[in-house]
4 protein chains.
Amino acid sequence: MEKPAKRNAARTKAQILKAALGEFSEFGYQGARIDAIAKRANINKQMLYHYFGNKDDLFQSVLEQSYEKIRRHEAELKLADLDPIEAIQELVKFGFSYHSKNPEFMRLLNSENLQRAVHIKKSDKIRHMHKPLVEIIASVLKRGEADGVFRSNIDPVQFYITLVGVTYFYLSNIHTLSAIFDQDMMTKSAIKERQDHCEEAVLRLVRCQ
Amino acid sequence: MEKPAKRNAARTKAQILKAALGEFSEFGYQGARIDAIAKRANINKQMLYHYFGNKDDLFQSVLEQSYEKIRRHEAELKLADLDPIEAIQELVKFGFSYHSKNPEFMRLLNSENLQRAVHIKKSDKIRHMHKPLVEIIASVLKRGEADGVFRSNIDPVQFYITLVGVTYFYLSNIHTLSAIFDQDMMTKSAIKERQDHCEEAVLRLVRCQ
Amino acid sequence: MEKPAKRNAARTKAQILKAALGEFSEFGYQGARIDAIAKRANINKQMLYHYFGNKDDLFQSVLEQSYEKIRRHEAELKLADLDPIEAIQELVKFGFSYHSKNPEFMRLLNSENLQRAVHIKKSDKIRHMHKPLVEIIASVLKRGEADGVFRSNIDPVQFYITLVGVTYFYLSNIHTLSAIFDQDMMTKSAIKERQDHCEEAVLRLVRCQ
Amino acid sequence: MEKPAKRNAARTKAQILKAALGEFSEFGYQGARIDAIAKRANINKQMLYHYFGNKDDLFQSVLEQSYEKIRRHEAELKLADLDPIEAIQELVKFGFSYHSKNPEFMRLLNSENLQRAVHIKKSDKIRHMHKPLVEIIASVLKRGEADGVFRSNIDPVQFYITLVGVTYFYLSNIHTLSAIFDQDMMTKSAIKERQDHCEEAVLRLVRCQ
DNA sequence: GATGAATGAGTTTTCATTCAT
DNA sequence: TATGAATGAAAACTCATTCAT
């Protein structure tokens, strides 16, 4: 016998978050519709307000959840167990595969930048999520330096932004890039080619000589 | 003597485009308000529809104008007159200064990517604007290779995307980056630091060894 | 005790339909105003969109309801119980009294013809409403023929169109006819005179000799 | 050598009237657009206001011209030269052929009835156009009575309305009738069948016994 | 006589949010 | 916890008409 679908706060909330992620990432904050989210979540609109306050707070929750997810996946890379070069390669690979498989996150950030990061700024959760990441990067760079394979004095934040910039920019702007360069950049081979290029660029950035 | 403010189609159109650029870049396509554009342009709303059809077409016109502008500025760099290394440095510098001074363009692209490049895809103008750019880049890379300072077989499109990625990504995502890394990335010194980092990264990408 | 005026979907829908019938018939589809309908219905405009979709669909609903009503009234005439001559007289009488008392229906049809029947064509409901009517007419004609009072081979659809034509045309075009013939055709006596004339015309059409 | 297209009041007016007839009859008074009329007429919108005042007055002008045209054609039938039966047949035939070839007039009247004949009521021209018509009909009926082929005391206005009703109603409501009876009533054979039926109906109405 | 730029009020439709049950 | 009816403000877009040249 099926459990009754009623009165299950946790599931309702999860449904709403999932639906909201879909809607927000598809249309951006401004283009997303509360009605559409409710329909996607198969719940009553009022539930959404009950659990999440309003559209802004809901967006913030979605963003928090999404940041948590990517940071968790990054943490699972176990970069500390890899030698520095491999760790960098792993990071590039991860950037491509994660954003390819989860393009919603890029689109969420896209929208959030358009909104000048209002939601992130309000979220203590998100703002305290990134120190570990910087520390992990810093430690990889340190180890590489110690091993004599990486240059010294590479700023981990700058490096991270470059790493993400080369990979993420391609994927997040893939629509405009495909259009202006008149080539489909979403094909598997195009993405593979790009990934190789990025690996090259990032390694050359850190390596000695 | 004041020129009469009335009955001047060219000026009206220019006012509308300018106002639309401001509004669209500030709030994105979805967040922009036709009423607000009309008010900014100090014209009657109907004029906007008269000259530009509708919100979509207006956005497209703004985008076309903006692409024209940046490509025109790029063309004025006279990269052919510089030696290859200098040309690359000039490109990095240009990327920073142009987008710093004209952040509207990045925000327009941001919005356009959220819309999956619908407007660019409709615009023949834009789609035929980029061949010259690729050719210029290719020629710089060729010259560097001939001079023995650049590696061979660097794809100009890949290179360009990387070049833009490292510079543009920082500036276009500056709000979220500032928030998550809890540092103000919009200060002059932060931008200078980033620019140096980018120059380093891009040169290392193309240089031999 | 008063029933509470709030939160009653059925009543709200009925109010909207009634108000829409009034507005559409008074001004035609194009002349009708959604705002005016909402005001007449004493409801919020959005309710109208919530329940009926848009102006077109609302018009269609009004039309369906109106067709249902007249066909229901026709069915209640119990023509099968009358002898053929009386049945015909009853039909003429009905045509006059119904359209006199419910001029909205004529005006709706007037508007719908101006729109080339777009709404009817979209409505399966309406298109399946008329077979019974034709069958009833056909059976009256058959009985009259069997009784030897009516001519043979009268097409029921042609006959029905003529029947309606002579009665309905007078009432539906009463404004232009009154104006061009410079007589008030809306007086009781004028309508009575017209009705007698129609009865004469229709009976002469079907009778033997 | 071509005459210059400029500064020709008569032609401009004629173009406007023709365009207005097209637009008004296609969409009705309310649905017609001044802009569209100007475009159809290939003239400047202001010309329309210059020559015809406003939308209402323009509609009235179109209506007057259209009534003039049909009355002129009717007058040319030379019914006085025909024997009464033939004259009646001629009238039926005329009704069909005229409205088939000039459906704009019906649509104009359709719209005008929706507007409760406001324009006709304002037009002295139209209101004085119909006496001759009634007189011609009356004279045909008189002659038929004198010849012993028509009944006596047939009211010419009633008769005329019936005559028009049976023919015009079919054509003016052809869209709704086709839809509800699910047959294409616009085919040549359908119109021929209807015309025969109408002739039968009208003759039976006037003939003795 | 002719042009087309300009206007203000209005039209349909949408949206985030709240209320009653 | 859940439902869906109800709201008011605002969104994009349109229209008849007038003004400046």
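Within every chain, numbering begins at 1; the chains are lettered A, B, ... in the order of the sequence lines, protein sequences first and strands thereafter. Only heavy atoms go into these numbers, but all of them, side chains included; no hydrogens, no water, no symmetry mates.
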Quick one: sort the B:Phe59 and B:Tyr29 rings into parallel, tilted or perpendicular, breaks at 30° and 60°.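 B:Phe59 vs B:Tyr29 ring planes: perpendicular.
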Within residues 22-46 of chain D, which residues have any heavy atom lying less than 4.0 Å from an atom of DNA chain E? D:Asn44, D:Lys45, D:Gln46
Spacing between [X] atom [atom1] and [N] atom [atom2], to the nearest angstrom:
| X | N | atom1 | atom2 | answer |
| --- | --- | --- | --- | --- |
| B:Leu48 | E:dT7 | CG | P | 13 Å |
| D:Asp57 | F:dT17 | CG | C1' | 13 Å |
| C:Phe52 | F:dA5 | CZ | C1' | 14 Å |
| B:Tyr49 | F:dA11 | OH | P | 11 Å |
| A:Asp56 | E:dC15 | CG | P | 17 Å |
| C:Asn8 | F:dA6 | CG | P | 7 Å |
| A:Lys55 | E:dT14 | NZ | P | 15 Å |
| D:Leu58 | F:dA16 | CG | C1' | 12 Å |

I want to check one thing: is the phosphate of [N], taken as OP1 and OP2, less than 4.0 Å away from some side-chain N or O of [X]?
| X | N | answer |
| --- | --- | --- |
| D:His50 | E:dG1 | yes |
| A:Tyr51 | F:dT1 | yes |
| C:Thr12 | F:dA6 | yes |

Is it possible for you to check whether B:Lys69 lies under 6.0 Å from the centre of the six-membered ring of B:Phe105, through NZ or CZ, and within 45° of that ring's axis? no
Above 12 or not: heavy atoms from other molecules or residues under 6.0 Å from NZ of A:Lys122? yes
Does atom NZ of D:Lys125 have more than 12 heavy-atom neighbours, drawn from other residues, nucleotides or ligands, at distances under 6.0 Å?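 Open: at most 12 neighbouring heavy atoms sit under 6.0 Å from NZ of D:Lys125.
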Residues which pass salt bridge (charged side-chain N to carboxylate O under 4.0 Å, His left out) with B:Arg107, listed by chain and number, not counting sequence neighbours: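 For B:Arg107 there are no salt bridge (charged side-chain N to carboxylate O under 4.0 Å, His left out) partners, ignoring immediate neighbours.
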Testing the 3.5 Å rule here: is there a donor-acceptor pair between the side chains of D:His119 and D:Glu112? yes
Which nucleotide sits closest to the side chain of A:Met47: F:dA5, F:dA2, E:dT13? F:dA2
Determine, for D:Glu23 against D:Arg40, whether the closest basic-nitrogen to carboxylate-oxygen distance falls under 4.0 angstrom.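 Looking at D:Arg40 together with D:Glu23, the answer is yes, because their closest N to O distance falls below 4.0 Å.
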What is the pairing partner of E:dA9, taking Watson-Crick or G-U wobble pairs with both distances under 3.5 Å in any strand? F:dT14
